[in-house]
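A short write-up of the structure that comes next.
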Amino acid sequence: MRADRGPLLCVAATIAGVLVGSGIEAGRATVVAVAACSLALLVRVALPHAGAVAAALCCVGVAIACAARAVDGVEHHALLPAMHSRAPIVLRGELKSDPRPGRFDTTVFVRADAFAVVQGPLASRSGATVAPAWQQLDRTVMLRATATAAAGLGALVAGDHIVVEGDAAALTGYNARYRWQHAVALVNVDADGILGYRSASAAYASLANGLRAIIERGLAPLNARDHALLDGFLLGDTRAIDDQTTSDFRDAGLSHLLAVSGANVAFVLALVGPLQRRLPTMLRFLAGVAVVGVFAAMTRFEPSVLRASAMVLVTMTARASGRPVRSVRSLSYAVIALLVIDPFLVHSVGFQLSACACAGIALLARPIERRMPGPQWMRTVLGVTIAAQVGVAPVLVAVFGTVAWIAPATNLLAVPAAEPITVLAIPIAVVGAWSAMVAGWAFTPVRAMLWWVRAVAHVGAAAPVVVACAATALVVVAAVIVRTAARNVAVGSRA
């Protein structure tokens with residue numbers, strides 16, 4: 001633990017730098033950042049044993065500069081005059097996320113590379129041919145399509161390119177939270193506003209979308225509820241999960257099952273492991289980086305995916321260089337790198353929960369596991385669950401005002417069934433993409449496990465006392481079985 005104090009101090013310094021930099025004008029932030037890095041150099045020279053302090057000061061300076069630059073990019077951009085005048089615009093760009101359908105509209109993040117202000121009636125309504133005077137933008141906008149335009153937008157996926165007509169408005173009220181995802185404006189589009197679109201041109205996006213389509217096609221034999229849950233388990237896509245199921249998983253402390261984590265990334269790497277082992281060391285490393293990058297694109301770079309992918313990349317880099325790192329250090333380096341690249345991640349609840357849960361597991365899981373009675377599998381599940389709950393408790397209390405104390409019991413019952421789901425579902429889905437009949441039969445055990453996990457979540461949310469009693473009974477039965485087996489082995493050895 002003492003060896004990990006330096007990286008943890010740097011993480012705290014980076015977070016502090018991001019928060020400070022978010023409130024400083026960009027020019028002043030540069031001065032503060034240079035001063036902090038200069039002070040870090042002086043500390044390093046004057047106090048050779050204070051390397052951790054020098055590194056923390058350097059992290060503060062870099063984080064302040066990056067955060068101020070990110071805020072400046074959101075507040076100052078070429079779209080401001082059109083936003084103030086509410087003039088209609090033509091916008092072209094690339095989808096950063098999959099469209100998310102709502103009750104009355106569909107929303108999606110678009111990385112807009114250019115826009116043009118349209119004078120007079122919109123071209124799509126008047127039938128006129130317009131040669132837009134394109135202005136460079138290179139900013140993210142939140143695109144909101146009305147229900148009549150949702151059909152055209154819903155056919156697209158992340159990475160596709162689109163051209164739309166609409167009007168730009170400032171992100172205010174509830175929509176202001178999208179600023180932390182780098183959105184600079186809200187562009188409203190009606191039924192005639194989608195002018196054109198084309199498929200993703202980037203190679204990694206095309207590959208990721210193709211692999212994602214294969215999995216989706218392989219899940220077709222499942223009913224809607226199971227299909228939606230598996231989308232969450234495998235891809236972190238919760239758009240199709242109904243509100244009641246989402247609420248049950250959250251109240252039962254099982255929401256982490258619907259988010260892609262390091263276990264998913266590790267399993268994908270394990271699938272390609274036999275091929276990687278045939279490659280030279282450097283090519284093996286590059287292949288691993290490519291696999292992680294494509295999988296992250298498949299899961300749409302969600303905050304938990306970014307954290308897990310960054311940790312895996314840090315671990316692979318350390319192993320390739322012959323210097324393996326502990327999980328606490330890999331988490332620290334991953335968090336620092338991600339916050340420097342995207343300082344707004346510090347405001348993402350998903351990223352906070354993912355990082356805090358991982359920190360709790362890295363720091364507390366083993367000590368808790370060693371001090372608990374019972375069989376190894378039970379101690380492992382409870383150790384990881386309790387450690388994760390301790391880690392995320394501050395975030396849950398601050399954001400939601402409550403903590404799912406039933407989580408150790410529900411995880412003890414649900415995790416043994418949930419873990420094999422990914423292992424079984426991905427190969428079956430790949431096979432099912434070419435043979436729905438085979439997949440329909442092969443998904444039988446997966447259906448059973450999904451039913452069990454869903455039942456635990458529902459009962460755990462509605463009657464936590466019942467679940468706690470069931471988990472306690474399971475623990476007692478497991479302990480009795482282990483103790484009886486140990487006694488039988490002891491008696492047999494004496495005989």
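Note that the coordinates shown come from a computational prediction; the quantities given were computed from them, not determined experimentally.
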### Query
Would Leu364 and Val390 satisfy side-chain contact (heavy atoms from CB on, under 4.5 Å), going step by step from the backbone distance to the final call?
CA-CA 9 Å; Leu364 302 176; Val390 171; 3.7 Å; yes
Is there a donor in the side chain of [X] and an acceptor in the side chain of [Y], or the other way round, less than 3.5 Å apart?
| X | Y | answer |
| --- | --- | --- |
| Gln181 | His347 | no |
| Asp242 | Thr245 | yes |
| Arg300 | Ser97 | no |

Heavy-atom closest pair, residues [X] and [Y]:
| X | Y | answer |
| --- | --- | --- |
| Thr410 | Ala252 | OG1-O, 2.6 Å |
| Leu8 | Ser332 | CD2-OG, 3.8 Å |
| His227 | Leu222 | N-CB, 4.1 Å |
| Ala116 | Ala133 | CB-O, 3.6 Å |
| Gly432 | Ala439 | CA-CB, 3.3 Å |
| Phe285 | Ala320 | CD1-CB, 4.1 Å |

Rounded to the nearest 0.5 Å, how far does [atom2] of [Y] lie from [atom1] of [X]?
| X | Y | atom1 | atom2 | answer |
| --- | --- | --- | --- | --- |
| Glu302 | Leu306 | CD | CG | 8.5 Å |
| Glu165 | Asn188 | CD | CG | 14.0 Å |
| Leu286 | Leu283 | CG | CG | 6.0 Å |
| Asp248 | Leu254 | CG | CG | 9.5 Å |
| Arg454 | Leu257 | CZ | CG | 13.0 Å |
| Arg250 | Ser255 | CZ | OG | 6.5 Å |

### Message
If you apply the rule ring-ring contact (aromatic ring centres under 6.0 Å, His included), what do you find for His161 with Tyr197, and how did you get there?
### Response
CA-CA 5 Å; His161 296 264; Tyr197 54 84; over 10 Å; no
Distance-only, no hydrogens or angles: does the [X] side chain make a donor-acceptor pair with backbone N or O of [Y] under 3.5 Å?
| X | Y | result |
| --- | --- | --- |
| Thr238 | Ile241 | no |
| Asp226 | Leu450 | no |
| Arg144 | Thr107 | no |
| Asp160 | Leu156 | no |
| Glu94 | Val110 | no |
| Asp72 | Ala68 | no |
| Thr299 | Gly236 | no |
| Arg239 | Ala228 | no |

### Message
What verdict does the side-chain contact (heavy atoms from CB on, under 4.5 Å) test give for Leu269 and Phe295, after you've listed the backbone C-alpha separation in whole Å, the side-chain angles of each residue and the deciding distance to 0.1 Å?
### Response
CA-CA 10 Å; Leu269 287 173; Phe295 182 72; over 6 Å; no
Decide yes or no for [X] and [Y]: does some side-chain heavy atom of the first lie under 4.5 Å from some side-chain heavy atom of the second?
| X | Y | result |
| --- | --- | --- |
| Met316 | Val292 | yes |
| Leu143 | Val189 | yes |
| Met298 | Ile215 | yes |
| Val346 | Gln352 | no |
| Leu338 | Tyr333 | no |
| Val349 | Leu353 | yes |
| Trp180 | Leu345 | no |
| Leu195 | Val164 | no |

Above 12 or not: heavy atoms from other molecules or residues under 6.0 Å from [atom1] of [X]?
| X | atom1 | value |
| --- | --- | --- |
| Asp243 | CG | no |
| Arg69 | CZ | no |
| Arg28 | CZ | no |

### Task
Apply side-chain contact (heavy atoms from CB on, under 4.5 Å) to the pair Arg307 and Leu331, showing each step before the final yes or no.
CA-CA 8 Å; Arg307 193 274 309 162; Leu331 173 63; 3.9 Å; yes
### Message
Using side-chain hydrogen bond (donor to acceptor under 3.5 Å, both in side chains), reason through Gln244 and His458 one step at a time and then give a plain yes or no.
### Response
CA-CA 9 Å; Gln244 182 60 51; His458 181 70; 4.7 Å; no
### Task
Measure the acute angle between the ring planes of Tyr178 and Phe109, then classify it against the limits of 30° and 60° as parallel, tilted or perpendicular.
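The arrangement is perpendicular - the two ring planes meet at more than 60°.
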### Query
Below 4.0 angstrom, N of the basic side chain to O of the carboxylate: do Asp98 and Arg212 qualify?
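Judged by the 4.0 Å cut-off on N to carboxylate O distance, Asp98 and Arg212 do form a salt bridge.
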### Task
Would you mind checking if Arg111 and Asp138 are paired as a salt bridge, meaning a charged N to carboxylate O distance below 4.0 Å?
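Yes.
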### Task
Verify side-chain contact (heavy atoms from CB on, under 4.5 Å) between Thr317 and Val289, making sure each step is shown before the conclusion.
CA-CA 9 Å; Thr317 302; Val289 172; over 6 Å; no
#### Entry: Single hit among Arg92, Arg139, Lys96 for salt bridge (Lys or Arg N to Asp or Glu O under 4.0 Å) with Asp113
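With Asp113 as partner, salt bridge (Lys or Arg N to Asp or Glu O under 4.0 Å) holds for just one option, Arg92.
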